[in-house]
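Everything below concerns the one structure shown next.
Whatever order the structure lists ligands and atoms in, that order sets their numbers, starting from 1.
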Amino acid sequence: MTISETALTEIKDLLGPKGYITDPAAKALFMAEWRGRSVGSSPLVALPRSTEEVSALVKICAKHKIGIVPQGGNTGLVEGGIPDDSNSQLLLSLSKMDKLVEIDPLDYSMTIESGMPLYKAQEHARDHNRLFPLSLASEGTCTVGGNIATNAGGIHVMKYGNMRDLVLGLEVVLANGEIWNGLQSLRKDNAGLDLRNIFVGSEGALGIVTRATVKLFPRPRAVETIFVGFEDLDKGLRLLSKLREECGTSLTAFEIIPKAGLELVLKNIPDTRQVLDNIYQWHAVIECWHDTSLNDGIESGPLAQAIADGFEADLIVDAAVATSDSQKQDFWKLRENLSEAQREEGTGIKHDISVSCAKLPKFVAEAEKRVLAIHPGTRILPYGHAGDGNLHYDVIRPLDMDKDSFFALKQQMNDAIHDLIADMGGSIAAEHGIGALKADEMERLKPAIDISLMRTLKHSLDPHNIMNPNRVIKA
Ligand SMILES: Cc1cc2nc3c(=O)[nH]c(=O)nc-3n(C[C@H](O)[C@H](O)[C@H](O)COP(=O)(O)OP(=O)(O)OC[C@H]3O[C@@H](n4cnc5c(N)ncnc54)[C@H](O)[C@@H]3O)c2cc1C
C-alpha cells in the first residue's frame with residue numbers, strides 16, 4: 001500500500017520544509033545499502049530534530065499504518081536500515097538528532113542524541129579526559145543509535161564488552177508514539193524487568209531510540225600493540241588463553257589475519273608493509289590497554305612478556321612490538337583493510353559468525369572442507385575478532401571463475417556454513433544483526449520457541465507492525 005497524500009501532507013506540515021526530503025537525487029543518498037547491493041525506495045525521507053517530533057511523526061504513521069524504517073549512518077550490512085522497494089515505507093533518518101545532552105565526568109557517563117556519529121561520541125568523551133571505548137571500522141559514519149540498535153561489537157569487546165554492556169539508559173519512541181523515558185545512569189537497578197535491554201539489538205523493530213546514556217571509562221595510560229605470526233589456529237588459541245592468564249583484563253584486542261588475507265592487503269592496499277620477516281599461515285594484532293603506566297617501558301610490558309612466554313612454549317614463530325604510533329597504525333592497517341582489499345578481487349560471499357572460542361579451529365577446518373567441496377579453488381578468508389569467537393568468514397571467487405557463476409553458488413555456500421554453525425551451537429549473526437537479509441535464515445535455524453518468544457514481544461510492542469516491518473522478526 002502506498003503512503004496516501006493525506007498522510008504525506010500531515011508529515012510535511014509537522015516537520016516543515018527543512019525537516020524532510022522528497023527530491024529524488026537527495027533521497028537516493030539514503031536509499032542504497034552500504035555495499036550498493038540493494039536499493040530501496042520511499043516517497044519521503046523524514047529528518048526530525050527532536051524526540052517530540054519523532055513521537056508526533058510516529059503517531060501519524062500509526063494512524064495511517066505506515067511502516068517506518070529508522071536509519072542512523074546506514075553502515076549496517078544486512079539491509080536493515082533502508083526501506084524495501086515498494087515505496088510504501090517511510091525512511092526516518094536520525095541524522096539531525098546528533099547533539100550532546102550532558103556529560104558527567106565524575107559519574108563516568110554521557111547522554112547523547114542517538115543520531116550522533118560514533119567518532120563524535122568518542123571525541124566528546126576525550127574532551128573530558130574520558131574514554132568511550134566502542135570502536136568499529138565504520139566509526140566515521142555509523143551512529144550511536146545504530147550501534148545500540150545492532151548491539152555493535154568491534155575491536156575492544158574483550159575488555160569493554162558489546163554496546164549492550166555500555167548502555168546505562170535509553171529514551172525510546174514506541175510504536176504508538178509514546179515516549180519511554182528510561183534515561184538513567186544507575187549501575188545497579190533491579191527494580192522490575194529490564195526494559196532497556198529489550199531495545200538494545202532490536203534493529204528498530206520495537207521502537208526508535210532517540211537518546212542514550214552511555215558508560216565512560218578512564219583513558220588508558222599505556223597501550224601495547226604486538227603483531228605475531230603463528231602456524232596453526234590451535235596454537236593461536238592456546239596463545240590467546242595464555243595472554244588471558246598473563247594480561248588479565250588489560251587484554252583488549254586479539255584480531256586474526258590468515259595468510260591469504262595478508263597477501264591481499266599487501267597487494268591491493270597502498271601504503272601497507274609487511275611487518276614481520278615472513279608471511280605465515282596466521283597472524284594476529286594483539287593489544288593491551290593498561291589503566292596504569294608501564295614503568296619499564298612498552299618493550300617489557302605484560303603483553304611483551306606474555307609473548308616471550310608464547311615463543312618459549314612454541315606457540316608463535318615471529319613477533320614485532322610497536323614502539324611508535326605510526327608502527328601501531330601500520331599493524332592495524334593490515335587488519336582493518338581486509339574487507340577493502342577484497343573489493344579489488346570482486347566481492348565475495350560474506351558471513352558474520354561466532355562459535356565458542358575453543359571451537360574456532362574446528363569450525364575453520366570443517367568449513368573449509370565444506371566450501372571446497374562445493375567449488376575447489378574458492379579462496380577463503382576467515383578473519384577478525386577471534387578473541388570473541390567472532391569471525392568474518394568471507395568466501396572469494398577463484399580468479400578463473402566469472403562473477404555470475406560464482407554467485408550462483410551463494411545459497412549452497414551459505415547453507416553449508418550456516419548449517420555447520422548451527423551444529424556447533426554458534427551464531428549466524430555475531431555482530432551485524434539480522435536485518436532483512438537474514439530474517440528467513442534465522443527462522444530456519446533458531447529453535448521454534450525462540451522465534452515464538454520474539455514474535456510475542458514484537459506483537460505486544462508493535463501490534464500493527466509499523467516498526468521496521470519484516471526486519472529481524474517477521475510479524
Ligand atoms: C567498514 C565497516 C566495518 C564494520 N565493522 C563492524 C564491527 O566491527 N562491529 C560491528 O558490530 N559492526 C560493524 N559494522 C556494521 C555497522 O557499522 C554497525 O552495525 C553499526 O552499529 C550500524 O550503525 P548505523 O548508525 O550505521 O546504523 P544503520 O545502518 O543506519 O542501521 C542499522 C539498523 O539499526 C536500525 N537503527 C538505526 N538507528 C536506529 C535508532 N536510532 N533507533 C532504532 N533503530 C535504529 C536500522 O533500522 C537498522 O535496522 C561495520 C560496517 C562497515 C561498513
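In terms of polar-atom proximity, defined here as any N/O pair under 3.5 Å, G73 does make such a contact with ligand 1. Every N/O-N/O distance between G207 and ligand 1 stays at or above 3.5 Å. Considering backbone and side-chain N/O of W34, none are found under 3.5 Å from N/O of ligand 1. Considering backbone and side-chain atoms alike, N74 places an N or O below 3.5 Å from some N or O of ligand 1. Residue T150 has at least one N or O atom closer than 3.5 Å to an N or O atom of ligand 1. For the pair C142 and ligand 1, the shortest N or O to N or O distance does not fall below 3.5 Å. Of the polar atoms of G76, at least one N or O is found under 3.5 Å from an N or O of ligand 1, judged by distance alone. Considering backbone and side-chain N/O atoms, I208 never comes within less than 3.5 Å of an N/O atom of ligand 1. Taking distance alone, with nitrogen or oxygen atoms compared against 3.5 Å, P70 approaches ligand 1 more closely than that limit. For T143, a nitrogen or oxygen atom sits less than 3.5 Å from a nitrogen or oxygen atom of ligand 1, counting backbone and side chain alike.
At the top of the distance list for atom 1 (C) of ligand 1, counting protein heavy atoms only, stands A137 CB, 4.2 Å. Of the protein's heavy atoms, G146 CA, 3.5 Å lies nearest to atom 27 (O) of ligand 1. Looking from atom 30 (O) of ligand 1 to the surrounding protein, the closest heavy atom is G72 N, 2.7 Å. Atom 35 (C) of ligand 1 has its closest protein heavy atom at A149 CB, 3.7 Å.
A cation-pi arrangement is absent between R335 and Y383, since the terminal nitrogen or guanidinium carbon is not both under 6.0 Å from the aromatic centre and inside a 45° cone about the axis.
Close contacts of ligand 1 with L94, meaning ligand atoms under 4.0 Å from a residue heavy atom, involve 41 (N). Residue contact check: A152 has heavy atoms under 4.0 Å from atoms 11 (O), 21 (O) of ligand 1. Using a 4.0 Å cut-off to heavy atoms of N468, the atoms of ligand 1 that qualify are 47 (O), 49 (O).
Counting all heavy atoms, side chain and backbone alike, Y393 lies closest to E368 at OH-N, 3.5 Å.
The residue among G153, A212, S138, S339 with a heavy atom at the shortest distance from atom 50 (C) of ligand 1 is S138. The option with the heavy atom closest to atom 51 (C) of ligand 1, from among N151, I434, L134, T75, is T75. Here atom 5 (N) of ligand 1 lies nearest to L136 when heavy atoms of L170, D352, L136, I82 are compared. The residue among V209, I68, V54 with a heavy atom at the shortest distance from atom 41 (N) of ligand 1 is V209.
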